[in-house]
Amino acid sequence: MKTISVQFFENNSALVVPYLSQQFTEALKERIRNQSRLSIVRADGDANFEGRISDYTIRPVAIQGNDRAGLNRVTVTVNVKYTNSLNPELNFEQSFQAFQEFSLNQGPIQTQEQKLLTLINRQLTEDIFNKAFANW
């Protein structure tokens with residue numbers, strides 16, 4: 001395998017973060033660049049990643065005595081379809097999910113969101129990369 005294409009991962013979740021699609025797609029490309037010798041092409045690569053961000057949620061995970069969330073969890077779910085034209089046995093279609101927890105004591109979600117999503121994208125892209133290329 002010499003080339004791979006990564007399609008844009010559209011955000012179809014009910015709660016939309018405007019930059020999440022671009023950030024995730026670029027994080028996946030960066031993971032491939034840094035951990036493989038594959039060339040990324042726009043289309044018709046030896047393998048292809050495509051999919052969508054299907055869910056983005058913020059939920060309390062630890063309630064304090066005053067019915068306020070002491071700890072919250074941001075979760076991102078991505079549906080991925082991987083197609084390997086050289087070895088179709090390696091194809092898969094699967095959901096991947098990652099989360100990070102945060103406290104409102106550290107500031108509102110808006111001030112923490114970029115850092116949290118960077119960490120979540122790092123975990124998601126690692127899981128996706130390993131699923132696609134672990135048997136190299």
Side-chain angles (χ1 to χ4, degrees):
M1 181 180 300
K2 295 184 177 164
T3 62
I4 190 160
S5 50
V6 178
Q7 307 308 313
F8 184 74
F9 280 73
E10 189 175 325
N11 190 344
N12 292 340
S13 64
L15 184 60
V16 175
V17 176
Y19 55 85
L20 181 56
S21 290
Q22 184 69 32
Q23 187 182 41
F24 173 79
T25 303
E26 290 305 315
L28 183 56
K29 289 179 183 178
E30 191 65 24
R31 169 83 56 186
I32 293 165
R33 279 188 207 101
N34 290 339
Q35 294 190 341
S36 76
R37 294 183 179 174
L38 296 172
S39 296
I40 297 176
V41 295
R42 286 192 184 270
D44 301 325
D46 295 331
N48 181 60
F49 282 109
E50 60 186 296
R52 63 189 175 87
I53 298 166
S54 59
D55 199 24
Y56 174 90
T57 58
I58 302 171
R59 291 202 167 89
V61 291
I63 305 298
Q64 296 175 331
N66 57 0
D67 287 338
R68 288 193 55 201
L71 201 58
N72 292 284
R73 179 177 290 171
V74 175
T75 305
V76 176
T77 305
V78 180
N79 294 338
V80 178
K81 181 178 180 182
Y82 172 74
T83 308
N84 183 325
S85 62
L86 302 177
N87 189 353
E89 292 177 10
L90 298 177
N91 293 354
F92 66 84
E93 193 163 349
Q94 179 178 331
S95 289
F96 294 86
Q97 187 176 78
F99 66 87
Q100 286 291 312
E101 294 175 349
F102 69 97
S103 169
L104 291 176
N105 295 337
Q106 298 169 328
I109 179 64
Q110 293 80 2
T111 60
Q112 301 179 63
E113 194 168 47
Q114 184 72 36
K115 177 184 172 192
L116 294 168
L117 290 177
T118 298
L119 295 171
I120 289 170
N121 283 337
R122 185 176 300 146
Q123 183 62 51
L124 285 169
T125 59
E126 181 178 333
D127 293 347
I128 293 164
F129 183 90
N130 288 342
K131 173 73 175 178
F133 304 116
N135 57 351
W136 271 25

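All values below come from the heavy atoms of this structure, side chains included, with hydrogens, waters and symmetry mates left out. Numbering of residues begins at 1 and proceeds along the displayed sequence.
- Atoms NZ and CG, from K131 and L90 in turn, are 9.5 Å apart once rounded to the nearest 0.5 Å.
- Under a 3.5 Å cut-off, the side chain of T25 and the backbone N or O of F8 do not form any donor-acceptor pair.
- Pairing each heavy atom of N11 with each of S21, the nearest pair is N-OG, 2.9 Å.
- Distance alone, capped at 3.5 Å, is enough to place a donor-acceptor pair between the Q112 side chain and the S103 backbone.
- Between R73 and E101 there is a salt bridge, since at least one side-chain N of the basic residue sits less than 4.0 Å from a carboxylate O of the acidic one.
- Distance check: N12 CG to I53 CD1 gives 8.5 Å after rounding to the nearest 0.5 Å.
- Y19 and F9 fall within a single hydrophobic cluster, where Ile, Leu, Val, Met, Phe, Trp and Tyr side chains are chained together by heavy-atom contacts under 4.5 Å.
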Practice item. Start with the C-alpha distance between Y56 and I120, add both sets of side-chain angles, then the distance that settles side chain to side chain contact (heavy atoms under 4.5 Å, CB included), and finish with yes or no. Key: CA-CA 11 Å; Y56 174 90; I120 289 170; over 6 Å; no

**Study point:** Stepwise side chain to side chain contact (heavy atoms under 4.5 Å, CB included) test for F24 and T125
**Key:** CA-CA 8 Å; F24 173 79; T125 59; 4.0 Å; yes

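- Heavy atoms from other residues, nucleotides or ligands lying under 6.0 Å from CG of N34 number more than 12.
- One finds the CD atom of Q23 at 4.5 Å from the OG1 atom of T118 (value rounded to the nearest 0.5 Å).
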Point to revise | Worked verdict on F49 versus I32 for side chain to side chain contact (heavy atoms under 4.5 Å, CB included) | key: CA-CA 11 Å; F49 282 109; I32 293 165; 3.8 Å; yes

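- Taking NZ of K2 as the reference point, atom CG of L38 lies at 11.0 Å (rounded to 0.5 Å).
- A donor-acceptor distance shorter than 3.5 angstrom exists from the side chain of R31 to the backbone of R122, with no hydrogens or angles considered.
- Atom-to-atom distance recorded for E30:CD and I40:CD1 is 8.0 Å, nearest 0.5 angstrom.
- When only modelled atom types and interatomic distance are considered, T83 and N48 share no side-chain donor-acceptor pair under 3.5 Å.
- A continuous path of hydrophobic side-chain contacts links L15 to L124 [ILVMFWY only; heavy atoms under 4.5 Å].
- Under the ring-ring contact (aromatic ring centres under 6.0 Å, His included) criterion, F102 pairs with no residue, sequence neighbours left out.
- The structure places CZ of F99 at 12.0 Å from CG of L119, a figure rounded to the nearest 0.5 Å.
- Of the possible polar contacts, one joining the D46 side chain to the T3 backbone as a donor-acceptor pair under 3.5 Å is found.
- Summarising the geometry of G45 relative to S85, their closest heavy-atom pair is O-OG, 4.0 Å, with the distance given to 0.1 Å.
- Side-chain atoms of T77 and Q97 include a donor-acceptor pair closer than 3.5 Å.
- Judged as a ring-ring contact (aromatic ring centres under 6.0 Å, His included), and not counting sequence neighbours, the contacts of F92 are Y82.
- In this structure, N84 contributes its side chain and N91 its backbone to no donor-acceptor pair below 3.5 Å.
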